[in-house]
Amino acid sequence: MTMLLDMAPGPKGIAGIFAAAAFFLIFLAAAFIAFKLLKRTVKMALRVGVVAVILGVAVAGSVALYALGTGNSERARPARNR
């Protein structure tokens, strides 16, 4: 029940989501450009391999940015001394 009443992620979480999405889109564009540039110079298997490596880096980086950007920044406060 307390999970339903938990607050939504703040600005830090939103920044992490946008950073991960931007990182992925940049690498997606780089993979597309690499695929088009390598069209006549190498065989299809090597082209797909290069694109797969670039997309693997994009996915891993996006997941890392999302995980680091949406973490809970609140620290437990010690009990007050009265």
Side-chain angles (χ1 to χ4, degrees):
M1 183 68 180
T2 58
M3 292 296 286
L4 296 174
L5 300 175
D6 203 7
M7 293 184 65
K12 183 177 178 186
I14 293 171
I17 292 169
F18 282 128
F23 187 84
F24 182 76
L25 291 176
I26 289 169
F27 272 84
L28 185 65
F32 180 74
I33 291 169
F35 187 78
K36 290 295 185 180
L37 287 177
L38 296 174
K39 190 171 189 173
R40 296 184 181 175
T41 58
V42 294
K43 294 189 182 272
M44 185 65 149
L46 185 59
R47 283 172 41 197
V48 170
V50 168
V51 170
V53 168
I54 293 172
L55 289 178
V57 169
V59 169
S62 296
V63 168
L65 284 173
Y66 178 75
L68 293 174
T70 58
N72 190 0
S73 63
E74 295 178 19
R75 296 184 182 184
R77 295 182 183 173
R80 288 186 183 177
N81 292 332
R82 291 187 177 199

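As the structure is a computational prediction, the values presented were derived from the model and not from experiment.
- In terms of heavy-atom proximity, A31 sits nearest to I54 at CB-CG2, 3.7 Å.
- Partners of F23 by ring pair (Phe, Tyr, Trp, His ring centres under 6.0 Å), not counting sequence neighbours, listed by chain and number: F27.
- Both L28 and F35 sit in one connected hydrophobic cluster of ILVMFWY residues. Membership requires side-chain heavy atoms under 4.5 Å apart, directly or through other members.
- Of all the heavy atoms in S62 and A20, the pair that sits closest is OG-O, 3.0 Å.
- Criterion: ILVMFWY side-chain heavy atoms under 4.5 Å apart, direct or through other members. Under it, V63 and Y66 are not part of a common hydrophobic cluster.
- Legend: residues meeting side chain to side chain contact (heavy atoms under 4.5 Å, CB included) with L38, ordered by chain and number and at least two apart, are T41, V42, R47, V50.
- Partners of I26 under the side chain to side chain contact (heavy atoms under 4.5 Å, CB included) rule, at least two apart in sequence or in another chain, do not exist in this structure.
- L37 forms part of a hydrophobic cluster together with I33, judged by ILVMFWY side-chain heavy-atom separations under 4.5 Å.
- With side-chain heavy atoms closer than 4.5 Å counting as contact, directly or through intermediates, V53 stands alone and belongs to no larger hydrophobic cluster.
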